[in-house]
Each structure stands twice: as C-alpha cells, then as structure tokens.
Amino acid sequence: MVLATFPYRALLCSGLLLTLFPLGLQAQNRPASGVVSGTLLDGANRQPLPFASVLLLHLPDSAVITGAQTAENGAFRLESVKPGSYALKASVLGYGVLRRAVTLSGETAELPLGTVTLQPTTTQLKGVTVTAQRAAVEESLDKKVINVEKDLSSVGGTAVNVLQNVPSVAVAPDGTVSMRGSSNITILVDGKPTSASSGAGGNRLEQIPASSIEKVEVVTNPSARYDAAGGGGVINIILKKQKKDGWNGQATATVGTRDKYNGSLSLNRRAGKLNVFGSVDMRDANFRSRMWSDQQTVLEGQTLSTFQEGTNLRHAKNYSGRLGFDLNLTPAQTLTLTLQPGFNRSRNGGMQLATLRTAGETDRQLGSTFGVSENVDNHDASLDYRRTWEAHKGRELTASASFTYLDANVLVAQRNTSGPTGTDLREWQQDLHVDLRSWDGQVDYVHPLANKARFEAGLKAQRQNNNGTDNFLRQVGETRSYERLADRSYAYDFAEYNQAGYVNYQQEWAKWRVLAGLRVQYTNTQGEVVNGKGPFKLEYLNLFPSATLARTLATADQRVQLSYSRRLNSPNFMQLLAFPLYQDQRYYRIGDPALRPEYINALELGHQMTLGQANISSTLFYRQTTNAIQQLRRVDATATQLYGGGAVITASYNTNFGQALSYGAELSVNQPVTKWWRLTANGSLFESSVTAATGTESSRRTVSGTARVMNSFTPTPKLDVQLTGNYRAAALTTQGRIAPVSSIDMALRQRLFNDRAALTLRVSDVFNTQRQRSTAFAPGYEFSNYNKWESRVGYLGFSWYMGSNKPPKKIENQPQGGGGGFGG
C-alpha cells in the first residue's frame, strides 16, 4: 500500500536503472576551447556542496552544452566551451535552483566565476512551513555519511537503535551488527577502534546514547586508508561536539514503559582558541523475554531430546561520560584531547524448565534458575593533532594516539531447583574476568597535486594485550561458599600486534574521478590457555589493493561508480582461545587456536541520479570469501553421556572450510510526495551461498533481503511525525536458517518554547511482531529455537536546548539506502 504512493516518475526511474549504461550526456559536439569554473557553496553556512549538478545551457533553447558534478570541496570545471552566451544552471536536492547568465568571449580562454551560492529552500503551504536541509546522505569516493540527528526512531535508545535504521546495516537481537548479511565488520567511534569491532555490538554500543550521535559513516567497500580487517565493511559513529561560541548545550530525559529511564546532559564552551566540551549519560532499563528451544540427537543408537522453555529479565544500567577540549595552537594547527569513561552494570536472570526425553523411558523434568551479572568498565583516551596550510589548500597532516582499557567481570550462576531423586541442587558458577589494554597510533598525510590530483599516505600501529581467568565454582553443601574446580578452571594470555602502511592516489579530469590505493598490513597474534591448549602463534603479511572509478553523467544528474577492494577477517581472541563459556547448563561455546584468517574480494557497481525531486541510488555488489570462518554447532557426546537422563549438551565453535559467496542489489528512493510528506524507501535483495558443513551435502544457497520504508510528515510548523516499517527476509546460516522478521515504528516530535525545547513520543514495534526463530541441522542432530524479547516499548522524551543549540528544524531528509558503490 505504501508503494502505491510513489509518483509514476519515481517508479519509472527505478526501471531505468537496468538500462544505466546507455544513458549519457546529450552534449553538443561543437568545436570549443574555453573553460568555465567556480566553487558551489551553501548560501546559509558557506560550506561546500559536493556532488551537485552544474550544467551549461545554450540560449535561447536551453539545450545542454556540457555539465559536471562538483567535487568534495564544491569546485566545478566545465571544459570545451565555445565562445558565446549561456545560462549556468546549478542544482542539488534541498536547495533552490540557480540560473545565471554567463558569457565567454573569444579573447577569454577561462572564465572563473569564483564562489557561487545556493540557498536552502523554504516553502509556505497553508500554515505549514517546510524547510529543506542539507541532504541526509552525503556521498564521497570512499564513504557514505548519514546524518541521523533528525531520525526520531531511535529516541530513548542507544547506538544499537541508531544502527538499526542505517541503510545496509542490520542488528540482531544479541547485538551483533552486520552489513548485507556479513557480521565481519569494523565499528569505530570517532574514527578510533572500539571493543565493538568485528560485528560484536557488546557493551560499548549500549553505552553510547542515541542522543549523542551526530552522524554515521558507512563504508561498504573500504579504500586502502582503512584497516584491512572487517571484510564486510566499516561503520564509523561520529559523536556530537558543539563548536559554537559561548555556552551551548542540551539536556534530555526519557522515560519508557515498564521501567526504562534515560538521561543525558551535554555542554560546551568556546572562547577564543579553546573549546571545552563534555557530556554525562545514564541509562537504566529493564527488558523481558521468553524463549524455548528443542534439540534432538541420536547417540549410540538412542534418540535423546531436550526441550527447554523459560522467561528472562535483563536489568541494564550504563553510565558514561565524555570530557575534552580543542585548542587552536595556531590558525593552522589544532590539538584535541578526549577522555571517555564508561561503566556497565547489568543483571540478567530467569527461570527454565527442561524436559529430558530418552526413547522408551519416562520423561525427566528439571527446573532451574540462572543469573548473569556483568560489571564492565570501558575507558578510552585519545589525543589528535591536525595541521593545514593556508597557502596550499587541501594539504593536511593528522596524527592521533589512543588508549583503551577494558576491565570486565562476568559471573554466570545456575542452579537446579527441581528434578528426580538424586538431582544435584547445588549452584554452579562460571566466573570470567577480562583485562584488556589496547594502544593505537596513526599518522596520515594528504598532499594536493596539479591537475586536480591528490596523494595520500599513512602509517598505523596497534597493540592489544588481553589477560584473564575463567574459574568454575561449585557450591559447598547448603552453604553460600564455593569451591574452585581446578580441572575446569583456566587462565589465558593473548596479545596481538598490527602494523600497516598505505598510499592512495586520486585524480579527477572532466567527468571522471579515480581513486587507487595499496595497503600493506602485518599481523602477529599469539596466546595460550593455561590448563588447556598450549601456546599458539599466527603471523602473516598481506597486500590489500583497492580502486574506485567514478563517472558523471549530465543526463538526469547521474553518477556511476565501480569499486574493488581486498580485505581479510582475522579471528578474535574469543574465537581462538579454547576454553568453554557456558550460556546455560546444556550449551557452551569454545574457541579453536587452529583458526586462520579468511580473505574477501569485494566488487560494487553503484549508480545515483536525481529525477525531478526524487533522489535514487542503486548498487550491485559481489563478495567472495575464501578460507571462510563458519560457525557450527555440534553435540558434545562425552558431556551428554556424563549428564545422562536424555540431556543433549551442545557446543558452538568456529572453523575454516570452503568459501562463501554473496551477490545482490540495493535500491533506495527519496521522494517528496507532497510539500508536507516525504517518502524514503530502501531495500536489498541478495543471494548467499556457503560450503556445506559436511562433505555429504551440497553448498547451501538462499535468497534473502531487507526493506525499510519511512514516511516523514510535517502537519504543522512545529510538529514532525515519522512512520517506519522494517522487514528482514529469512537468512541462511552454515547449518540452518533464521526466520523473517518485521516491525513498524512510530514517532513524533513537537517543538516548544520558541525552539528552546522539544517533546518526543516514540513507540517501537507497534504491533509487537519482532521475534527470532532459527533452526540448525547436522547429521543425527536437529535444533530449533524461539526467542521473543520485549520489543513494543513506548518512550516519552523531553529535551531542553541551551545557548545557540536548537532542535533540528525538520526531519524530511532521512537516511536512505542503496548506492553502496558510492560508499567506496
């Protein structure tokens, strides 16, 4: 029904994507010799307008003579122009169209126009004011920047909720972040590595409130500038940092249904050469869930079955802060120091009832309780330096050093509360302690060359030391004391060192732009599990080329781009260290020191065009993974026999085998339906295949995809409304399948007190449809799982803005998907 609202021209445009290449500039083939050049700026803030369309029209018939797209600094250059009188037309979504008369005389070889400005458009319609803002998606050769500040669908949430609304990105219920079906991604915060890297959302993302995020950079096919790790892409979360003069700030308080509370305060003061900024954020929330799982296996000719069902309550408390300053040493030099402490205190507890069944025997039922306490301290510190040259525009030197300290203690406690005679009712505990320290240093240099060329180079070094213990404890009798079981307790040491260097060369001529680079990366990983598998060491040196080629087409304001990169996915310490981590009494995961990196070749073809007021992006992508790291589930026969009574004990582990392929397409449309209603739709459709887990099976294939439709309304000058629908099709795993899931979210914001405040109401998953169903199969083994978490939540938030800080005027320009080829 939503698609029916698309104007006919938008539907027609999506069909034209299939005939992309025949489209071209209908330029007039006239002998010419002149050049018209200039720089296009935002008339309101004097910022460059990249990738805007600039055309030169013949007078009086307005035939297109030539055209170009502005560079990242707003510069444009129209070549091969015959002397005469013309009309210069400049346009970009969200701004008024500029039309200016220009004359190139026979004596003038080049006509420099200097700065040319476009004004943001404002339209009055029956008391409804619609103000267009700078586009929510900004494209460049190596990344896509998505401005999420106006997105209301994450109000009261964290960085996890923000990423759920970013095109090409999906977030699983356990916090795992993936892009186009791959969880092998790198997550950065302000360009710095975090403990959330490699797709594991973890506590770091939960400690970042959505209100503190300004934008998200999505790099679907990274250039040589980025670490080679993260074959699925790179996500960089950029936090807000005011730089306006005087005191500015924002205070926000949000309350959610069933005991969910959020509060944040951010302040900054800029005076002269010094800008001081800081923030404090708090989150205290309870979430409930219910689940069931069913596992069956055949062991020594007997069919064993374990059916579990239970309820769960997770109480998460996160406290985080941020303090820093920017110091302008000179007009060309800036120094920034940032400190970010974070604390996570979470409790997760519940009850389970397990039915254990052995063929031909009486069923056994075991009741149990479990509790997981997480105490995680995550502290980051960084120092950044930036140097520019006034006499040499575009020349830049940046250097950064960062340090991360993570201290985590996770205690998993389980107790059988009922069962047959002789059942051990004592409590068992697994106490895991992680002590991680990470150092990171990087230097980058950019040097502009003649003829619109640019050279870029950089060096990076990173070291991580990780030590910890894993103690298995058993309650002593009926007392509250516990004894340590030495044969089931472990200690580990893990260290990883990375060193890399890269070069990039970028060239622009006429309608073509090219970016080519090469990265050299060395990795040294070593570790040992005391009382377990002995020491291991991995060492490898690799070359990682990348290239991007872009072509501007003046017809319908189009751009096409082709990119390639080679990447790798190195196993993390949890995948390498061989000691068991129990999720419940009958399921654990374990690492394997024999695991090796997987390598990825990624190719993307992207296309973007503006047709009227519609902005349309599309991407074809292909990813090949060799020596693929696959996650498997197996029956632990020894543990199953020791437990007895029909219980099935399983283990999750990773291994290298075969290859994985993924290829498909993404499409997005950003289209104003009326002057008070904007529709943004994006989706992907792709086929994935993985090598089967055993040699007796053929490779597994499935067609999957995602879709998101956002309606943004402005019914009154001060009221903004969003209605968003999300759908994720069934996904393939190495051994099974994850069922499809969908949801609808609703949000509205009312600006108050002359834009000094805003009141926001959001309801997530209005129809309570989000849930996870999955299945897995292996020879002689079947597994199915259901998990329904508390997804329908209402949030009411109030924000107060101080100083010159104001709420975003409108929300009509929303994140749009597709165009991954433009993400580098």
Side-chain angles (χ1 to χ4, degrees), residues 172-174 176 181 183 289-312 352-366 368 370 580-590 592 628-655 657-658 660 688-704 728-741 771-789:
D174 62 358
T176 300
S183 59
S289 65
R290 64 181 187 276
M291 58 76 64
W292 62 257
S293 66
D294 191 10
Q295 339 185 67
Q296 297 183 27
T297 188
V298 178
L299 193 63
E300 295 184 351
Q302 278 193 317
T303 300
L304 309 178
S305 171
T306 298
F307 179 82
Q308 295 184 148
E309 56 184 339
T311 57
N312 179 52
Q352 288 185 348
L353 179 64
T355 302
L356 312 179
R357 181 174 300 144
T358 304
E361 297 182 10
T362 304
D363 293 350
R364 302 172 64 208
Q365 285 196 329
L366 291 178
S368 62
F370 71 92
L581 286 175
Y582 284 86
Q583 310 300 299
D584 60 42
Q585 293 184 7
R586 286 162 286 275
Y587 169 61
Y588 66 90
R589 60 183 181 181
I590 189 168
D592 183 0
I629 297 177
Q630 308 280 17
Q631 186 178 48
L632 299 176
R633 196 176 181 117
R634 62 175 172 82
V635 176
D636 187 333
T638 302
T640 297
Q641 290 173 338
L642 290 174
Y643 200 102
V648 180
I649 313 299
T650 57
S652 174
Y653 65 102
N654 291 276
T655 189
F657 63 88
S688 299
S689 66
V690 295
T691 302
T694 68
T696 59
E697 301 173 88
S698 59
S699 295
R700 309 190 66 242
R701 295 177 179 270
T702 188
V703 176
S704 186
R728 189 201 68 205
L732 179 74
T733 64
T734 308
Q735 291 177 289
R737 177 179 181 270
I738 301 175
V741 64
R771 64 205 66 198
Q772 184 179 35
R773 294 187 179 92
S774 60
T775 57
F777 302 92
Y781 173 73
E782 295 182 12
F783 169 79
S784 58
N785 178 74
Y786 170 90
N787 184 27
K788 177 67 183 83
W789 63 97

Q: Go through the steps to decide whether T358 and L356 satisfy the test side-chain contact (heavy atoms from CB on, under 4.5 Å), and finish with yes or no.
A: CA-CA 7 Å; T358 304; L356 312 179; over 6 Å; no

Go through the structure and list residues passing side chain to side chain donor-acceptor pair (under 3.5 Å) with [X], not counting sequence neighbours.
X: S652; result: Q631
X: Q352; result: none
X: Y653; result: none
X: S305; result: none

Drop me the distance from [X]'s [atom1] to [Y]'s [atom2], to the nearest 0.5 angstrom.
X: T311; Y: K788; atom1: OG1; atom2: NZ; answer: 14.5 Å
X: Q585; Y: S368; atom1: CD; atom2: OG; answer: 5.0 Å
X: Q296; Y: F777; atom1: CD; atom2: CZ; answer: 10.5 Å

Side chain to side chain contact (heavy atoms under 4.5 Å, CB included) involving [X] - partner list, sequence neighbours excluded:
X: A739; value: R737, R773
X: S293; value: M291, Q308, F783, N785
X: V298; value: T303
X: S784; value: W292, D294, T775

[X] side chain near [Y] side chain, heavy-atom distance below 4.5 Å:
X: L642; Y: T640; answer: no
X: I738; Y: R728; answer: yes
X: W789; Y: N312; answer: no

What heavy-atom pair brings [X] and [Y] nearest, and what distance separates the two atoms?
X: L304; Y: A647; result: CD1-O, 4.3 Å
X: A731; Y: S704; result: CA-OG, 4.0 Å
X: L299; Y: A637; result: CD1-CB, 3.8 Å

Q | For Y588, all residues meeting ring-ring contact (aromatic ring centres under 6.0 Å, His included), sequence neighbours excluded | A |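 Y588 satisfies ring-ring contact (aromatic ring centres under 6.0 Å, His included) with Y582 only.
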
Q | L581 backbone acceptor or donor facing Q583 side chain under 3.5 Å | A |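 It does hold such a pair.
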
Q | Check: R633 main-chain N/O paired with Q735 side-chain donor or acceptor under 3.5 Å | A |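 It does hold such a pair.
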
Q.
Applying side-chain contact (heavy atoms from CB on, under 4.5 Å) to N654 and Q630, what does each step give before you reach the verdict?
A. CA-CA 5 Å; N654 291 276; Q630 308 280 17; over 6 Å; no

Q: Take R586 and V648 through the test side-chain contact (heavy atoms from CB on, under 4.5 Å) and record every step on the way to the result.
A: CA-CA 7 Å; R586 286 162 286 275; V648 180; over 6 Å; no

Q: Mind running side-chain contact (heavy atoms from CB on, under 4.5 Å) on L632 and T655 for me, showing each step along the way?
A: CA-CA 8 Å; L632 299 176; T655 189; 3.7 Å; yes

Q) Regarding Y587 and Q295, is there a side-chain donor-to-acceptor distance under 3.5 Å anywhere? A) no

Q: Could you pull out all residues at least two apart from R357 that satisfy salt bridge (charged side-chain N to carboxylate O under 4.0 Å, His left out)?
A: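 Scan of R357 (salt bridge (charged side-chain N to carboxylate O under 4.0 Å, His left out), adjacent residues dropped) gives D363.
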
